[in-house]
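What follows is a single structure, written as structure tokens, with notes after it.
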Amino acid sequence: MRTDQDRTRGGVLGAAAVGVAALGVGEAIAAVRGGSLIDTVGRVLIDTVPIGVVEATVALSGRHDKAATRAGVGAGVVAATAGIGALPERTRVPAAVAVGAVAGALATRQPTRSVSTMAGAVAASGMLAAGLRRRPRGALGALRWSLAGAGLLAVAQTLQKDHDRKQDKAIRRLGALGKAGVAPEDGLEGEAGLSALMTPAHKMYVADVSLRAPRIDPSRWRLSVKGMVAHTLRLSLADLIADAVEFDAVLVCVHNRAGEGRAGNARWLGVPLTDLLKHAIPDSGATRLVTRAIDGYTISLPLDELRSGALPGYLVVGMNGEPLTAAHGFPARVFVPGLYGQYTGAKWLTELELTDDSHSDYWVRRGWTPELLRVHPHARIDSTLPGREIAGTTSIAGVAWAPPHGVESVELRVGQEDWQPVELGAELSPSSWRRWRTTLKLPAGAHTLQVRAISRSGRTQDGVDRPPFPVGPTGFHTVTVDV
Ligand SMILES: Nc1nc2c(c(=O)[nH]1)N[C@H]1C(S)=C(S)[C@@H](COP(=O)(O)O)O[C@H]1N2
Ligand SMILES: [Mo]
């Protein structure tokens, strides 16, 4: 005899399996046009959870923050359907339809691919309603539904990757940009374990509030410069490329704690914002330049500093001799060397709007300071010290940055001994990162190594450990080795 309790337990398991299947159906249909139900819901979560949850997710998941968000959404959907399964029979279908309606409404917030994502939400809701009426029987039934759902999720992923490949192809068709072929050097080539002087795009960290890069047709894309200006501009990618110049700079995420990899150095190609603003002629009342992206993200910059060049901003269209990749903001982004990524300008630009101080940015609305956050001087140890066990005499190397002033020196200390200067690679530009190396001679035993950067403006890296929120992390990169 099965008790009521057994039946409920089996029912919840069956309902959870229906949740997996419904998610699979919805995701596969959304993916036909490159959309994603999971990513849409994930973005809504990112937009709405308290800032402490965002900070904790970034800190705990490292560079896997997008995967962690997706896993969280998937688990949440399955848990929610299991919950619906525990409801009385007659409320299950209305609950399933309500879940679908909410997902569909959220899909309309997607800037691109919203139609296929909405279709996916409708299908998932229908599947939920049908599945919850005739729930799978027993463990075997639940397993079958779960496997079908997992299979559909795999199909969805293949379709989405296919769409990403099409965007890559469209970008590659644009060909090389800038003075491709001249690889910059700093004299520290061949140093074991040292970061590349120029970070290849595929190795560059990715940080944004969108789980999937938008797909943009370069031939149709136009950037408008509008708002409080005498001349509204509409610029094509070709217009921008024609006026672009190259500059070397490190891009750093405000979440980059001591020694982490949320920073990359590149030879960028961009139009100086001073030039662009000269053409648009801002009204006298304009105080901010809002950089607005297709993912609804905005970052604004103070106009006076941009016009005077005190903030050396660029409208960037290329990285390391190629167009921007989809992940890094194709077709255009704004970048001001010396400001953290979160304050430097938006990727996937749609427009630049000149406004007054009434505008409020994405992260400012979420609790970050409206003050511009400038990159703190920072040094990192790169060398993979094999198993952390090193010989008495070892070469050690890393990178350091202090944009836009430049790195004056980098120092290393062993334990509590005095700080010792290390050898620096050539400086490509003050905003670029600077590589360093030194030879360590250590007696046997355990040692703690620390590095610090000193900027040309006279700032020494702050050694106090502080988290990224609210003004950017501080602290020394510390590595322990055994000799
Ligand atoms: N449109 C858009 N632009 C954005 C963001 C975003 O979420 N959306 N994130 C910013 C943040 S926080 C950082 S650190 C940089 C990261 O640039 P990357 O992904 O190319 O490394 O982009 C900035 N520009
Ligand atoms: Mo960031």
Side-chain angles (χ1 to χ4, degrees), residues 39 42-47 51 54-55 57-59 61-66 69 110-112 171 198-216 221 223 249-257 260-266 268 270 290-301 313-320 322-353 361-369 372-376 378 401 403 433 467-473:
D39 291 353
R43 171 63 194 270
V44 174
L45 275 184
I46 292 168
D47 287 349
I51 190 75
V54 176
E55 293 305 303
T57 308
V58 172
S61 58
R63 283 177 72 164
H64 304 289
D65 56 335
K66 290 187 199 302
T69 307
Q110 282 251 116
T112 58
I171 295 173
M198 292 296 168
T199 311
H202 69 274
K203 286 212 174 152
M204 177 87 173
Y205 81 100
V206 175
D208 51 66
V209 295
S210 301
L211 292 167
R212 186 160 296 276
R215 191 164 157 204
I216 295 170
W221 179 84
L223 177 79
V250 59
L251 175 62
V252 187
C253 177
V254 73
H255 289 101
N256 189 70
R257 291 184 195 236
E260 288 183 347
R262 287 189 181 97
N265 198 53
W268 308 91
V290 179
T291 69
R292 184 168 287 123
I294 197 164
D295 65 341
Y297 186 84
T298 62
I299 298 180
S300 71
L301 295 157
Y314 294 87
L315 181 52
V316 168
V317 290
M319 178 184 178
N320 297 333
E322 317 231 308
L324 293 173
T325 60
H328 295 295
F330 180 81
R333 69 187 298 172
V334 165
F335 178 22
V336 185
L339 298 182
Y340 280 117
Q342 193 164 300
Y343 287 83
T344 207
K347 311 194 278 190
W348 312 303
L349 283 179
T350 54
E351 60 186 36
L352 300 180
E353 188 188 3
D361 289 330
Y362 179 93
W363 284 115
V364 175
R365 292 197 302 273
R366 306 293 302 283
W368 280 84
T369 172
L372 290 178
L373 288 187
R374 294 167 202 270
V375 176
H376 301 308
H378 185 79
W401 57 77
W433 73 18
F469 188 83
V471 293

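Hydrogens, waters and symmetry mates play no part in the numbers below; they use all other heavy atoms, side chains included. Each ligand, and each atom within it, is numbered from 1 in the order the structure gives.
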Exercise. Would a 4.5 Å heavy-atom cut-off, applied to side chains only, mark E55 and H255 as touching?
Worked result: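 E55 reaches H255 side chain to side chain.
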
Exercise. Can you tell if the side chain of H378 reaches within under 4.5 Å of the side chain of V252, non-hydrogen atoms only?
Worked result: no

For this session: Look at D39 together with R43 and state whether they make a salt bridge at an N to O cut-off of under 4.0 Å.
Result: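 A salt bridge is absent here (no side-chain N lies under 4.0 Å from a carboxylate O).
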
Heavy-atom distances under 4.0 Å are what count here, so tell me which part of [X] touches ligand 1: side chain, backbone, both or neither.
X    : answer
I294 : neither
C253 : both
Y205 : both
R262 : neither

Return the residue, atom name and 0.1 Å-rounded distance of the protein heavy atom closest to [atom].
atom                    : value
atom 2 (C) of ligand 1  : Y297 CD2, 3.3 Å
atom 9 (N) of ligand 1  : A207 O, 3.3 Å
atom 19 (O) of ligand 1 : K347 NZ, 2.6 Å
atom 17 (O) of ligand 1 : R333 NH2, 2.9 Å
atom 8 (N) of ligand 1  : D295 OD2, 3.0 Å

Exercise. Is the backbone N or O of A266 less than 3.5 Å from a side-chain atom of T199, with the two atoms forming a donor-acceptor pair by type?
Worked result: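 No: the side chain of T199 does not pair with the backbone of A266.
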
Exercise. For P473, does its backbone N or O pair with a side-chain atom of R257 as donor and acceptor, under 3.5 Å?
Worked result: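 No, R257 side chain to P473 backbone: no donor-acceptor pair under 3.5 Å.
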
Any N/O of [X] closer than 3.5 Å to an N/O of ligand 1?
X    : answer
S210 : no
A346 : no
D208 : no
Q342 : no
W363 : no

For this session: For R262, enumerate each residue passing the salt bridge (charged side-chain N to carboxylate O under 4.0 Å, His left out) test, keeping only those at least two apart in sequence or located in another chain.
Result: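 With sequence neighbours excluded, R262 shows a salt bridge (charged side-chain N to carboxylate O under 4.0 Å, His left out) to E260, given in chain and number order.
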
For this session: Kindly give the heavy-atom pair with the smallest separation between G472 and V254, and that separation in Å.
Result: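 The pair with the smallest heavy-atom distance is CA-CG2, 3.7 Å.
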
Problem set entry | Nearest non-hydrogen partners of Q342 and W363, listed with the distance | CG-CD1, 3.2 Å

Problem set entry | Closest candidate by heavy atom, reference atom 7 (O) of ligand 1, pool T199, T344, V209 |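 Checking each option, the heavy atom nearest atom 7 (O) of ligand 1 is found in V209.
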
For this session: I would like to know whether W368 and I51 meet side chain to side chain contact (heavy atoms under 4.5 Å, CB included); could you show each step before the answer?
Result: CA-CA 9 Å; W368 280 84; I51 190 75; 3.5 Å; yes

For this session: Scan side-chain atoms only and decide if D361 and S300 contain a donor-acceptor pair under the 3.5 Å cut-off.
Result: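 Yes, side-chain donor-acceptor contact under 3.5 Å.
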
For this session: Report the C-alpha distance between W268 and L324 in whole Å, list the side-chain angles of each, state the deciding distance to 0.1 Å, and finish with yes or no for side chain to side chain contact (heavy atoms under 4.5 Å, CB included).
Result: CA-CA 9 Å; W268 308 91; L324 293 173; 4.2 Å; yes

Enumerated ligand 1 atoms positioned under 4.0 Å from heavy atoms of [X]:
X    : value
A293 : 1 (N)
L251 : 17 (O), 21 (O)
G345 : 23 (C), 24 (N)
V206 : 19 (O)
H328 : 18 (P), 19 (O), 20 (O), 21 (O)

Exercise. Is the W401 ring parallel, tilted or perpendicular to the W433 ring (thresholds 30°, 60°)?
Worked result: parallel

